[in-house]
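Some notes on the structure that comes next.
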Amino acid sequence: DDGNIGLDVYGMEISQWAVNHSMVQDRIYQGDVTTKDLSKLFGGNDLVIAYDLLEHVDYENINTAIQNIIQCSNKYILISVPTLGDINLEKDPTHRIKETKDWWLNKFLEHRCVPINTPKSFLYCEQLMIFEVPKNES
C-alpha cells in the first residue's frame, strides 16, 4: 500500500530547503502566501488548508494572505492558528500575529467567508476554523 487515498494534493512552502528535501517534490512549490496570483498554481481546489501558517505573516500582509487563500479555493478553507491563551503562541518567536480566535474569525468575515462549526472531535479543534468561501470570489 502506497498510502494513496485518491486525493490530488499540492502544497506550498516558503523554505526552499524544505521543498528540496520534501518526499513529494513534484507536489510542493516554493512560495510565499503573500505573493499575488497563487490561484494560477493552486486555483480551483475544494479545500485549502493553512495549518500553522497565518500567525507567521506580518499584520500588514494578512489581508493579502487571506485573499490569496480564498482565490485558491472554490469551496472551503481550513485554518489552524494558535490564539491568545495558547501557551504555544508565545513559545515561537516567529509568530507575528498574536490575537484571539474572535479576531481571526472577524478577519475572515471581513473577506465574506462564512464560518462553519468545527467538529469537537477534531484534534486541536480549539485552534481550527473552517470557512466556506464567498461564491463570487472563487
Side-chain angles (χ1 to χ4, degrees):
D1 180 17
D2 65 2
N4 187 338
I5 58 172
L7 299 176
D8 196 16
V9 178
Y10 295 89
M12 185 175 65
E13 167 62 47
I14 198 166
S15 165
Q16 187 63 56
W17 184 92
V19 170
N20 292 345
H21 292 85
S22 170
M23 293 172 35
V24 289
Q25 287 185 7
D26 61 330
R27 297 205 167 249
I28 189 166
Y29 299 90
Q30 192 280 328
D32 181 338
V33 72
T34 64
T35 302
K36 299 220 182 271
D37 296 327
L38 295 179
S39 62
K40 290 177 183 174
L41 278 177
F42 300 108
N45 296 287
D46 290 339
L47 173 65
V48 173
I49 300 172
Y51 203 91
D52 292 338
L53 164 75
L54 293 173
E55 67 273 17
H56 297 276
V57 174
D58 290 322
Y59 279 95
E60 59 267 18
N61 294 324
I62 194 61
N63 287 320
T64 300
I66 291 170
Q67 191 60 41
N68 284 340
I69 290 169
I70 291 168
Q71 290 174 354
C72 292
S73 176
N74 58 16
K75 290 188 182 179
Y76 303 104
I77 296 168
L78 182 147
I79 67 165
S80 173
V81 290
T83 57
L84 288 176
D86 181 340
I87 61 168
N88 295 310
L89 185 61
E90 295 299 330
K91 285 185 176 181
D92 186 338
T94 66
H95 289 169
R96 294 186 173 118
I97 298 181
K98 299 177 181 181
E99 297 290 347
T100 64
K101 189 168 188 172
D102 283 341
W103 185 89
W104 285 104
L105 286 168
N106 286 326
K107 243 328 140 184
F108 277 83
L109 284 169
E110 287 173 16
H111 290 272
R112 299 181 18 249
C113 292
V114 178
I116 297 172
N117 288 333
T118 303
K120 298 291 182 209
S121 60
F122 280 21
L123 207 58
Y124 306 109
C125 66
E126 63 281 350
Q127 70 181 42
L128 295 177
M129 289 169 255
I130 304 169
F131 300 95
E132 186 172 358
V133 299
K135 295 296 184 216
N136 62 349
E137 296 280 58
S138 61

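Numbers for residues simply follow the sequence, beginning at 1.
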**Message:** Run the salt bridge (charged side-chain N to carboxylate O under 4.0 Å, His left out) test against Asp102 and tell me which residues pass, sequence neighbours left out.
**Reply:** none

**Message:** I'd like to check the salt bridge (charged side-chain N to carboxylate O under 4.0 Å, His left out) partners of Glu132; sequence neighbours left out, ordered by chain and number.
**Reply:** Lys135

Below 4.5 Å, heavy atoms only, C-beta onward: do [X] and [Y] meet side chain to side chain?
X      : Y      : result
Met129 : Phe108 : no
Val81  : Lys101 : no
Thr100 : Thr83  : no

Please answer: with hydrophobic residues joined when any side-chain heavy atoms are less than 4.5 Å apart, are [X] and [Y] in the same cluster?
X      : Y     : value
Leu105 : Ile97 : yes
Trp103 : Leu53 : yes
Tyr59  : Ile66 : yes
Tyr124 : Ile77 : no
Ile28  : Ile49 : no

[X] and [Y]: which non-hydrogen atoms are nearest, and at how many Å?
X      : Y      : result
Cys125 : Pro119 : CB-O, 3.6 Å
Asp46  : Ser73  : O-OG, 3.9 Å
Phe131 : Ile116 : C-CD1, 4.2 Å
Ser15  : Gln30  : C-CG, 4.3 Å
Leu109 : Pro115 : CD2-CD, 3.7 Å
Leu128 : Ser80  : CD2-CB, 3.5 Å

**CA sep, side-chain torsions, deciding dist, call: Asn63, Glu110, side chain to side chain contact (heavy atoms under 4.5 Å, CB included)** = CA-CA 9 Å; Asn63 287 320; Glu110 287 173 16; 4.1 Å; yes

**Prompt:** What residues, two or more places apart in sequence or in another chain, satisfy side chain to side chain donor-acceptor pair (under 3.5 Å) together with Glu60?
**Reply:** none

**Message:** Could you work out, with side chain to side chain donor-acceptor pair (under 3.5 Å) as the rule, every residue matching Thr34, not counting sequence neighbours?
**Reply:** Asp32

Rounded to the nearest 0.5 Å, how far apart are [atom1] of [X] and [atom2] of [Y]?
X     : Y      : atom1 : atom2 : answer
Ile69 : Leu54  : CD1   : CG    : 4.5 Å
Leu89 : Lys91  : CG    : NZ    : 11.5 Å
Glu55 : Gln127 : CD    : CD    : 8.0 Å

**Asked** Can you pull the salt bridge (Lys or Arg N to Asp or Glu O under 4.0 Å) pairs that have at least one residue in residues 77-90, sequence neighbours excluded?
**Response** Glu90-Lys98

**Message:** Filter on salt bridge (Lys or Arg N to Asp or Glu O under 4.0 Å), then keep only pairs touching residues 115-125, sequence neighbours left out; what's left?
**Reply:** none

**Prompt:** With under 30° as parallel and over 60° as perpendicular, where do the rings of His95 and His56 fit, or are they tilted in between?
**Reply:** perpendicular

Is a side-chain N or O of [X] found less than 3.5 angstrom from the main chain of [Y], in a donor-acceptor match?
X      : Y     : value
Asn68  : Thr35 : yes
Asn45  : Cys72 : yes
His111 : Gln67 : no

**Prompt:** Around Tyr51, counting heavy atoms of other residues, nucleotides and ligands shown, do more than 12 lie under 6.0 Å from its OH?
**Reply:** yes

**Item:** Enclosure of Asn117 CG (heavy-atom neighbours >12, cutoff 6.0 Å)
**Value:** no

